[in-house]
Structures are given as structure tokens and as C-alpha cells.
Amino acid sequence: MGPGGLLTKSLILLVAVRYASSATYSLSSSLTGQNFLNAFIWQNATDPNWGRVNYVDFATAQSKNLVSVSGNQVTLRADSTTILNSTGPGRDSFALLSKNQFTTHVAIFDIAHMPDGCGTWPAEFGPNWPNGGEIDIVEGVNNQSPDTITLHTSANCTMPAIRRMSGTSQGTNCNVYETDNTSCGVKVNSPDSFGPTFNSAGGGWYAIERTPSFIKVFFWPRWEFIDVPNDVKSPGSTIDTDNWGIPAAYFPSSATCDFATHLSSFNIEINLDFCGAWAGNAQVYNTSGCPSTCVDYVNSNPTAFQNAYFTFNALTIYE
């Protein structure tokens, strides 16, 4: 979700792209409740995507009840009470950046609820846009399912059109400058992977596995509980991703996209934007079936954002 241009929220040519084998990883962080919040920095910088949003710091979020902890669960929400002045700041929201950075790792996001509503643009991703690469794990706008998983890079990174994954490739050129930042998107093959349908299905799990030779992103809706790998739904001291099946999205490192030169260490970022370059694009917004214009709707309808929140059961990281 980098700045500049329209973003979609990362292979015909069957070359010798080897589907690299997975590995066993050891637990490095088990983040729930207050420990989850302690692992992140609250950013209150100007939104690089020109959104109708005002990212607040932790103290402000606490004072306005935009963050809460209940047992192991953490909820991050946007303001849903204030009618905005058209010339004033945008809607109060959150943008969290992990204190730690990661290269080879697995991160499992156990999500009970994600933001929904017209004008919303929620995302979880690994940022260093674009020279260090970025992988959008959960991203979409205006309640439009399914989720899009996207790899954004600098120049000279392309993916094969056909590769072993359950999702559908939306593009093979990952260069943000040549694609108006749409890059190498993959649509998840599940209507329950984003927005209201994700929430009504009880949420689910997203997981990213990054190695020097590939990135895989997996998704399991909660209603498929019996089919979810045991080490995903009940994380332990180690995991073996060989047992996880085919990923929703698969991005291999190869001669046409060398991860060693295109990807740096990743932070984890969780945010909720409003309108901006993607959700607020007039064509995108209008075809979503949303009323008015995006900015006017966000300004004037605070109660429409009562469901604009993330609730995380856990974030578990292995290295």
C-alpha cells in the first residue's frame, strides 16, 4: 500500500521455477492482549495515499476509545461519532508499525473481525515502498471481497503467469512505476476472505511465509476449522509449513525477480485508511455501490463506521 497512484489493497510461460520446499520454524513472538500493542509503534504521520484520515498516536487512541484490550483480544477502531468539517482533519484512525523487522519468518494473524464500510481501506502489510519491496497480506476497499494479496517492488521484477497457488493472478509486473502501483496482485479464491463476508463467517487466519527463495500467503476461514492446520489454530513452539497445503498466493524469487536485490527486511504494518488513491477513486467508489462521494460520505456519516475495526485474537511469529 505504497504512495503514488491507484493501488489494487504479489505467474504463460512455464519456466523452470521450482516450488521450493518449506521448513520448520521456531517461535519468536506470541503476541496477544497488551503484548500485541507493546510490539508496535503508533504512527501519526500524514497519509501517503491522500486519504480522508487522521492517524492518531496511542495516547489519543486511548482517550477516544479507539483501542481496547479484552483478555487476549486487541481491537483497533476508527472514530464513529464525529461529523467532520470539510476543511478540517480526516477521520481519526490507526497506523501501527512493528518495532521489529523480519526477513525469513512466518507470521500468523488470527483475526476475529476486520473493518468494513463504504470508504474504508484496511490493510496489513510489510512496508519499505518500493525499493525494499512490500507485500500486502490483507487489503481491499469499500467492502469488496475477495482479498487482494500484492507484491510491490522497484524495477525489473516480474512473476510467471502460472504458478502453484489457489488464488488468481491479476498481473505479473511487480514494478510500481510501470503499473500505476497495481503491481503483482493475487485475488484470494474465497468470498469469505475480506470485509463483511469475512466477519459474518467468524473471521479466520492469514499467514505469510517468507524465505530467500519465495513468499507464500495462506488464508483459512474460521468456518473451515476442521481443515485448518493444527499448528495454525493452536500455535506451539514450532511449526512445519510443509503441512499447510497450497498457498493462496505464491511469489518465487528467480532470474526475473531476485529477492536479494528487491526485498529488504520487513516491518509489519496494520492500518485503516479512508478514501484516498484507491477507495476514493471515483470509478472504484461508484462501482462499489456506495452512496454520495467517498469524502462526503466519510465526513458526514460517522455511525456508518461502527464496524470499521480490527479485532485480533493473536499474532504469532516464527523464525
Side-chain angles (χ1 to χ4, degrees), residues 1 8-9 31-33 36 68 70-78 80 94 106-125 135-150 165-168 170 185-209 216-235 239 241 243-250 268 270-273 278-279 287-290 303-316:
M1 194 191 70
T8 59
K9 184 170 50 342
L31 304 176
T32 60
F36 183 108
S68 60
S70 177
N72 287 337
Q73 286 189 328
V74 174
T75 297
L76 308 166
R77 64 175 65 250
S80 61
F94 53 87
V106 173
I108 303 171
F109 300 83
D110 183 348
I111 308 172
H113 187 280
M114 68 171 63
D116 65 54
C118 286
T120 57
W121 180 357
E124 297 167 13
F125 57 97
I135 179 75
D136 296 324
I137 302 166
V138 175
E139 189 170 33
V141 298
N142 303 326
N143 289 344
Q144 298 301 294
S145 188
D147 178 42
T148 301
I149 300 164
T150 307
M165 60 185 184
S166 62
T168 303
Q170 303 296 295
V186 175
K187 290 282 189 185
V188 176
N189 187 27
S190 171
D192 298 330
S193 60
F194 186 79
T197 54
F198 175 90
N199 296 330
S200 62
W205 292 266
Y206 275 92
I208 180 172
E209 179 181 14
K216 300 177 189 176
V217 179
F218 299 82
F219 170 66
W220 302 272
R222 202 169 305 278
W223 62 266
E224 291 184 354
F225 188 83
I226 193 171
D227 296 321
V228 179
N230 287 330
D231 51 6
V232 171
K233 58 191 177 187
S234 299
I239 54 168
T241 55
N243 300 320
W244 287 9
I246 297 174
Y250 173 56
I268 296 170
I270 303 167
N271 76 346
L272 173 57
D273 205 345
W278 186 16
T287 57
S288 300
C290 291
T303 58
F305 304 106
Q306 291 177 346
N307 286 325
Y309 64 90
F310 275 113
T311 294
F312 292 91
N313 293 325
L315 168 57
T316 310

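In the model, D147 has a side-chain atom that pairs as donor or acceptor with a side-chain atom of Y206 under 3.5 Å. No donor-acceptor contact under 3.5 angstrom links the side chains of Q73 and T311, judged on distance only. A donor and an acceptor atom, one from each side chain of K187 and T148, are located under 3.5 Å apart. Counting only N and O atoms by type, the side chains of N72 and N313 include no donor and acceptor under 3.5 Å apart. Using a 3.5 Å distance cut-off with no hydrogens or angles, the side chains of D227 and W220 do not pair a donor with an acceptor.
Using a 4.5 Å heavy-atom cutoff, the side chains of D136 and V138 are not in contact. Between Y250 and V217 there is no side-chain heavy-atom pair separated by less than 4.5 Å. Using a 4.5 Å heavy-atom cutoff, the side chains of W205 and F109 are not in contact. Here the side chains of I268 and L315 are in contact, with some heavy-atom distance below 4.5 Å. Looking at heavy atoms from C-beta onward, I246 lies out of side-chain contact with K216 at the 4.5 angstrom threshold. Counting only heavy atoms from C-beta outward, the side chains of I137 and I149 never approach each other to under 4.5 Å.
Minimum heavy-atom separation, P191 to S145: O-OG, 2.7 Å. When all heavy atoms are compared, the tightest approach of N142 to C118 is OD1-C, 3.8 Å. Contact detail for M114 and I111: the closest heavy-atom pair is N-CG2, 4.4 Å. For the pair S166 and N189, the tightest heavy-atom approach, listed with the atom from each and the gap, is O-CB, 3.3 Å. Contact detail for P146 and F194: the closest heavy-atom pair is C-CB, 3.9 Å. A pairwise comparison of heavy atoms in G119 and A279 identifies O-CB, 4.0 Å as the closest pair.
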Carefully, step by step, assess F310 and H113 under the rule ring pair (Phe, Tyr, Trp, His ring centres under 6.0 Å). CA-CA 5 Å; F310 275 113; H113 187 280; 8.5 Å; no

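We find the CG-CZ distance between L272 and F94 to be 4.5 Å, quoted to the nearest 0.5 Å. Taking OG1 of T197 as the start and CG of D192 as the end, the distance is 5.0 Å to the nearest 0.5 Å. Of the inter-residue distances, the one linking I108 atom CD1 with E209 atom CD reads 10.0 Å to the nearest 0.5 angstrom. In this structure, the separation between OG on S190 and CZ on F219 is 4.5 Å, given to the nearest 0.5 Å.
Looking at residues two or more places apart in sequence or on another chain, you find no salt bridge (charged side-chain N to carboxylate O under 4.0 Å, His left out) involving D231.
Put simply, the side chain of R77 never gets that close to the backbone of A308: no donor and acceptor are under 3.5 Å apart.
Aromatic ring orientation, F218 versus W244: perpendicular (interplanar angle above 60°, classes split at 30° and 60°).
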